[in-house]
Amino acid sequence: MRRSLLFVPGDNPGMLQSAGVYNADAIIIDLEDSISLSNKDSARILVEEFLKDYKLNKEIIVRVNSFDSPYYKEDLETLVSDNIDTILLPKANLENTVKLDAILSKLESKKNLTKTIKIIPLIEQVSSLLEVEDIALLNRVDGILLGAEDLTTDMGVERTKKGYEIFYPRAKVALACINAGIEAIDTPFTDTRDFIGLEEDCHMAKGLGFKAKSAIHPNHIDIINKVYSPSKEEIVYAIQVLKMAKTSKGAFSINNKMIDKPVIERAKKTIENAKAFGLI
Amino acid sequence: MKGIAGTLESNDCLITVETSDKLEIIINSPVAYLYEDEIKKTILEVLKNEKQEKLKIVMEDKGALDYTIRARLIVAIRRMK
């Protein structure tokens with residue numbers, strides 16, 4: 001279960017070493033956009049050696065280079081191991097996500113892995129957004145990350161702080177994930193100092209069905225975790241709903257609001273999340 | 001032939017490797033008085049794994065941990081080719 005996913009450049013020892021200190025639920029070690037072409041080899045080996053020595057006690061996600069680059073094969077061959085949990089696939093579409101599933105199966109068998117590596121497709125092209133319902137249902141896919149910067153470039157529209165231009169893409173990704181029973185993960189908020197804007201952005205995406213958000217700066221993590229965790233009031237209300245549901249037959253009311261099956265189900269989910277995030 | 005990897009940023013090291021007729025290891029580190037033997041041991045392990053015996057290795061250390069030293073040396077050696 002994730003609320004926050006922190007991007008860390010794969011070629012920076014200082015940042016790799018401190019990644020475990022922050023409260024992010026998952027660390028995305030990046031080999032793609034934050035790494036210059038001349039340092040692709042150096043980042044890949046640094047991450048490999050880092051993961052041999054350090055267990056961060058968090059989900060370890062590696063963003064490999066895209067399938068249209070000459071680097072992804074070596075990224076996967078070097079880094080697919082029991083030391084990682086998930087591959088974040090940039091410029092994902094139906095075809096390359098299926099291809100990644102096959103490559104991972106081969107590597108898992110060749111390296112005798114004890115776990116199944118998951119896939120998070122990064123949806124950042126219009127063509128892949130239009131097939132996201134199918135991508136979400138693929139084998140190994142256990143979350144979808146919306147990449148709004150590249151997506152809006154592909155759409156030919158301005159990327160704004162308010163994010164109206166990604167309202168439909170967000171809704172589409174969220175519904176595809178809900179349908180597949182996986183997590184919709186929101187695009188990072190790129191202003192690292194606008195905490196009010198960040199919180200509004202989190203609420204907007206959460207309201208559409210997103211369950212988590214990625215971050216490019218550690219100072220975003222606490223706000224993301226706060227928004228994507230059940231609040232104290234929500235937990236107290238959920239406990240009250242579940243208590244009354246035990247003794248009532250059929251629908252009942254709390255504070256003049258009717259409580260029926262969907263509300264009870266939501267309360268169960270709130271308690272489940274609160275437990276998963278260590279809040280109760 | 002020469003290979004370079006790493007940076008002079010904090011927590012990193014810059015390693016330069018050159019072909020030579022003998023093994024020569026030069027370590028410039030602010031913590032050499034404490035960790036020079038450990039750093040050398042790490043370097044020798046990588047050389048063994050990479051099947052290298054005769055090289056001139058110069059390491060400018062900025063507080064790199066073991067894994068960083070290993071990674072930078074591996075890449076510097078592979079960049080020689």
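Numbered from 1 within each chain, the chains take letters A, B, ... in sequence-line order. Fair warning: this is a prediction, and the values are worked out from it, not measured in the lab.
- Salt-bridge formation is detected for the pair A/Lys213/A/Asp186: a Lys NZ or Arg NE/NH1/NH2 atom is positioned less than 4.0 Å from an Asp or Glu carboxylate oxygen.
- Only the backbone of A/Ser38 comes within contact range of chain B, with heavy atoms under 4.5 Å apart.
- A salt bridge is defined here as a Lys NZ or Arg NE, NH1 or NH2 lying under 4.0 Å from an Asp or Glu carboxylate O, and A/Asp154 with A/Lys91 fails to meet this definition.
- The candidate with the highest count of non-hydrogen atom pairs below 4.5 Å against chain B, out of A/Leu51, A/Leu46, A/Leu16, A/Val47, is A/Leu46.
- Between A/Tyr54 and A/Phe50, the angle of the ring planes stays under 30°, which puts this pair in the parallel group of the 30/60° scheme.
- With a 4.5 Å cut-off on non-hydrogen atoms, A/Asp11 touches chain B through its backbone and its side chain both.
- Ring orientation note: the planes of A/Tyr72 and A/Phe67 are close to parallel, at an angle under 30° on the 30°/60° scale.
- If you tally non-hydrogen atom pairs under 4.5 Å between each of B/Asp66, B/Thr7, B/Leu65 and chain A, the highest count goes to B/Leu65.
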